[in-house]
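Structure first, then comments.
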Protein chains: 2
Amino acid sequence: MASTISGRPPGRPRAGLHDVVFAATLRTVHELGYARATVERIAAAAGVAKTTIYRRWPSKGELIVDCLLDAFGPVPLEGADRTELMSSAVRWIAAKIGEPGVGDAFAGVFSDAVSDPGLREVLATRLQDPYRRALQDALGEPESRVLFFIDVVVGALLHRMGMTGEPMVDADVAALTEMVLAHFATGPA
Amino acid sequence: MASTISGRPPGRPRAGLHDVVFAATLRTVHELGYARATVERIAAAAGVAKTTIYRRWPSKGELIVDCLLDAFGPVPLEGADRTELMSSAVRWIAAKIGEPGVGDAFAGVFSDAVSDPGLREVLATRLQDPYRRALQDALGEPESRVLFFIDVVVGALLHRMGMTGEPMVDADVAALTEMVLAHFATGPA
DNA sequence: GGGTATCGAAACCTTAGGTAGCGAAACTAG
DNA sequence: CTAGTTTCGCTACCTAAGGTTTCGATACCC
């Protein structure tokens, strides 16, 4: 059998490599950019062999998606009313994208997904759907409106990041928040 | 000397290959997606050798940029007031992105630019700046607000395209138009 | 110490962007 | 018709990167 009484499987233990690899991924992406952050370089930065990475993640894209899930964590859905809720969500995603490496990794994996349907599926299922559902439940908006909200907010933030290489400044984040709040003020149809 | 009396330089003429290559590029991108639309495949679709492509364009990215410039053409800046002007601009870019191949090529070259500073420069200088300036002059808005406008509109359209593989539906384009119009209704600061 | 699962290292495959060299084609000028 | 000029097509090649395979070494449980 593969399992033992203590629950721990026999053999060489899988040390807490996920965290080390995630940190090395963000660091490497931050320092070199997404494309130059090759799997071999990430592995080297983590002090790990390339094959070890591929044993745990089937592709670079899925490694990045897992890394982003780890970096984002749960959406802080705090706020008394819809207005506070939405504005906190916008500021949260803007702040996360501003963290070193996160924005580049996010924009990069999105890039790859453009012409990789498999990665697009992973991105939609593992990253977008959970956050969309959480927003949907909290706001009571229909799916199509939440998707539109995500397109506008994430699209604008990533477009700025992609064009300038820098995250959106606070003033523009404030304008973005104000704009979507005004548009969604009326509540669900 | 390299030129002759008739103005036409001697030697084998550069036939109108640009149009053929542009058409082949959009067709190939539309059929295979951006990443699978390799330069060799585009060349084959155009009935041209790969080396001929690289003689005229220094990289795949610049080929795509030129192709997009050809596909977009000038911004139709028609409209009596700011409202008509902005809404026509939004609908124009949405319609262009909806054309077969154009949206995929646009999203794809944007993707590559994320981690290719040289391409990002080309994209900013040749594609974004002219349209930004035209909008700036027509609207009388400061540069930062026009850039914000572009981030929101183009970002949302490309994000939808990247996530679903399909361009934004008319209802969402209408909502996008309405939203930015409401936000920009007050005129420049 | 024995069994088991993981890790590291090296070699390898494939795709794709991009380059070099050379002969052939197409055109102008005389 | 010939010479000169420019571009084209073809083949072969280089490099980078994602991803796979193999095998020996290592670390853990019992």
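Quick note on labels: first sequence line is chain A, next is B, and so on, each numbered from 1. The structure displayed is predicted, hence computed values, not measured ones.
Counting any heavy atom pair closer than 4.0 Å across all strands shown, B:T51 reaches a base atom. In this structure, B:I53 reaches neither bases nor backbone, as no heavy-atom distance under 4.0 Å exists between it and the strands shown. Here A:G61 lies out of heavy-atom contact (under 4.0 Å) with every strand.
Following rounding to the nearest Å, A:Y54 (OH) and D:dA17 (P) show an atom-to-atom distance of 12 Å. As rounded to whole Å, 9 Å separates atom P of D:dG19 from atom CG of A:D112. With rounding to whole Å, B:D116 atom CG is found 13 Å from C:dG17 atom P. Taking atom CZ on A:R36 and atom P on D:dG18, their separation rounds to 13 Å, with Å as the unit. Here the P atom of nucleotide C:dG18 and the NZ atom of B:K60 are 9 Å apart, to the nearest Å. Residue B:H18 contributes atom NE2, which lies 12 Å from atom P of D:dT7 at whole-angstrom precision. Going from atom CD of B:E40 over to atom P of C:dT19 covers 14 Å, rounded to whole Å. Rounded to whole angstrom, the span from the CD1 atom of A:I42 across to the C1' atom of D:dA17 amounts to 12 Å.
Taking 4.5 Å as the limit, every side-chain heavy atom of A:E143 sits out of range of all side-chain heavy atoms of A:V146.
Heavy-atom distances to DNA chain D give each of B:G47 and A:A37 a nearest nucleotide, and the one nearer the 5′ end belongs to B:G47. Residues A:S59 and B:L17 both approach DNA chain D. Their nearest nucleotides, taken by heavy-atom distance, put B:L17 toward the 5′ side.
Side-chain atoms of B:R55 and base atoms of C:dG18 include no donor and acceptor less than 3.5 Å apart. Judged by atom type and distance alone, A:K50 does not reach the base of C:dG8 through any side-chain donor-acceptor pair under 3.5 Å.
A pairwise comparison of heavy atoms in A:A105 and A:L68 identifies CB-CD2, 4.1 Å as the closest pair. Minimum heavy-atom separation, A:V29 to A:A37: CG2-CB, 3.7 Å.
Regarding contacts with the backbone of C:dG8, a side-chain N or O of A:T52 is found under 4.0 angstrom from either OP1 or OP2. Between D:dA17 and A:R41, a contact under 4.0 Å exists linking OP1 or OP2 to a side-chain N or O. In this structure, B:R56 does not reach the D:dT7 phosphate: none of its side-chain N or O atoms is under 4.0 Å from OP1 or OP2.
Ring orientation note: the planes of B:F184 and B:F148 are tilted relative to one another, at an angle of 30° to 60°. Ring-plane geometry between B:F22 and B:W57 is classed as tilted, the angle between the planes lying from 30 to 60 degrees on a 0 to 90 degree scale.
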